[in-house]
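Following: one structure in structure tokens, then a few remarks.
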Amino acid sequence: MAENEFREWPEVRTPNGTHGASGSRTYDFPLTDEDRLAGEGISRGLSIGSIERTVEEAAQRGFVYRHRRELVGIVAVVTVVTVATSVAWGFRQHVDSQEVLSSCQQSVSIYQANTERLKKTVDGAADDLQIAESQVQDPKTVTALHAAVDAGNDKTKIDASCDASASVEDNQSSDEKITEATRRLGDKVEAILSAKAAVERSKNARDVSVAKADLVNKVNEGQSVLGTVKSNDLNARQNLSAALNDSQQMAIMSSSADPNEYLKQTSKLQNAIDKLNATAIAQ
């Protein structure tokens, strides 16, 4: 052939590259792995089916063999990842355990601080506990304060503790119990402070009411003195008249919640009354 008409077939040449007319021709076809195994199988008397299986297995082994380095690398990576994951999980468990223990210990410190705060709150209510029901506008506030202080004095022991050798679950449970106990301490503190403030407001309200009433009574007394006492001291009479006007304005118009304001005006009015009485002409 002058030219290869079939592109899928390779050019066939003799070993020495010639096609002698008289000599025998030798064609050199490259053998594949399957061809070699088939030849060896036939020489051993193997069946065609066995040869085909052998060829297939050889092909598979050939792939593994050719990629053995990559496969070894993949196995090594998988092993390292597995070990790293196991180590990370163990470390995470250790960190969680430490965090739970630390949280529990912190809760104990907060509980102890609130215990001391409750004690100081109870001690701070001592003066208000001396206030009698007759000294306040609403006697129920005094009763409520005594009840709140009694509850604050009630010592409740916590059946919980933080232990480094305990499990995470046990320390978490202890943490929750201690936190709840701390909340109850805070409730007691707030109850005492609230009851204490209520007693003080009630007492102040009564003090204002009493001071206003005393001022009104003193105004009535001053008016009586101004109308009945004979005196040649014009200044004393004018001072009493001015004090009476101021006192009447305060008793009627003032909304001050400070009882001392009324007490001061009552004292000022009393001084004006005394000065006019001192200048009285004997009858």
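Using a 4.5 Å cut-off on side-chain heavy atoms (C-beta onward), T143 and E133 make contact. Inter-residue side-chain proximity for T279 and V229 is flagged as unmet; no heavy-atom pair is nearer than 4.5 Å. In this structure the side chain of D246 reaches within 4.5 angstrom of the side chain of K268, judged on heavy atoms.
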Could you go through the salt bridge (charged side-chain N to carboxylate O under 4.0 Å, His left out) check for E221 and K218 one step at a time? CA-CA 5 Å; E221 180 184 344; K218 189 60 63 178; 2.9 Å; yes

For T266 and D214, what are the C-alpha separation, side-chain angles and deciding distance, and is it a side chain to side chain donor-acceptor pair (under 3.5 Å)? CA-CA 7 Å; T266 300; D214 290 344; over 6 Å; no

For Q137 and S202, what are the C-alpha separation, side-chain angles and deciding distance, and is it a side chain to side chain donor-acceptor pair (under 3.5 Å)? CA-CA 5 Å; Q137 194 172 52; S202 184; 5.5 Å; no

Walk me through it: do L118 and N114 pass the test side chain to side chain contact (heavy atoms under 4.5 Å, CB included)? CA-CA 6 Å; L118 176 59; N114 276 270; over 6 Å; no

What do the steps show when you test Q270 against D274 for side chain to side chain donor-acceptor pair (under 3.5 Å), and what is the final call? CA-CA 6 Å; Q270 182 64 57; D274 291 342; 2.9 Å; yes

Run the numbers on K196 and E190 for salt bridge (charged side-chain N to carboxylate O under 4.0 Å, His left out), then give the verdict. CA-CA 10 Å; K196 182 173 177 289; E190 294 302 321; over 6 Å; no

Start with the C-alpha gap between Y111 and T179, add the side-chain angles, then the distance that decides, and say whether side chain to side chain donor-acceptor pair (under 3.5 Å) holds. CA-CA 7 Å; Y111 174 81; T179 300; over 6 Å; no

Starting from the C-alpha separation in whole Å, work towards a yes-or-no answer on side chain to side chain contact (heavy atoms under 4.5 Å, CB included) for L129 and L145. CA-CA 7 Å; L129 290 173; L145 176 60; 3.9 Å; yes

Run L240 and L269 through side chain to side chain contact (heavy atoms under 4.5 Å, CB included) and show every step you take. CA-CA 7 Å; L240 177 55; L269 180 56; 3.9 Å; yes

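A donor-acceptor pair under 3.5 Å is formed between the side chain of R237 and the backbone N or O of L226. Remark: side-chain polar atoms of N277 are paired, donor with acceptor, to backbone N or O of I273 under 3.5 angstrom. D175 contributes no side-chain N or O that, together with a main-chain N or O of N171, makes up a donor-acceptor pair within less than 3.5 Å. Checked by atom type and distance alone, the side chain of N239 pairs as donor or acceptor with a backbone atom of N235 at under 3.5 Å. A side-chain donor-acceptor contact under 3.5 Å links D233 to the backbone of A236. No donor-acceptor pair under 3.5 Å is formed between the side chain of S173 and the backbone N or O of E169. Counting only distance, with no hydrogens or angles, the side chain of R206 and the backbone of D138 share no donor-acceptor pair below 3.5 Å. Side-chain atoms of K230 do not come within 3.5 Å of backbone N or O of T228 as any donor-acceptor pair.
V136 and V208 are not part of a single hydrophobic cluster, where members link through side-chain heavy atoms under 4.5 Å apart. Following chains of ILVMFWY side-chain contacts shorter than 4.5 Å, one cannot reach L244 starting from V216, and the two form parts of different hydrophobic clusters.
Residues I158 and A181 share a closest heavy-atom pair of CD1-CB, 3.5 Å. A pairwise comparison of heavy atoms in C162 and V108 identifies SG-CG2, 3.7 Å as the closest pair. Across all non-hydrogen atoms, the minimal contact from I178 to A160 is CG1-CB, 4.2 Å.
Between E180 and K177 there is no salt bridge, since none of the side-chain N atoms of the basic residue sits less than 4.0 Å from a carboxylate O of the acidic one.
A 6.0 Å sphere centred on CG of N220 holds more than 12 heavy atoms belonging to other residues, nucleotides or ligands. Taking a 6.0 Å sphere around CG of D123, one finds it holds more than 12 heavy atoms contributed by other residues, nucleotides or ligands. Within a 6.0 Å sphere centred on CD of Q106, heavy atoms belonging to other residues, nucleotides or ligands number 12 at most.
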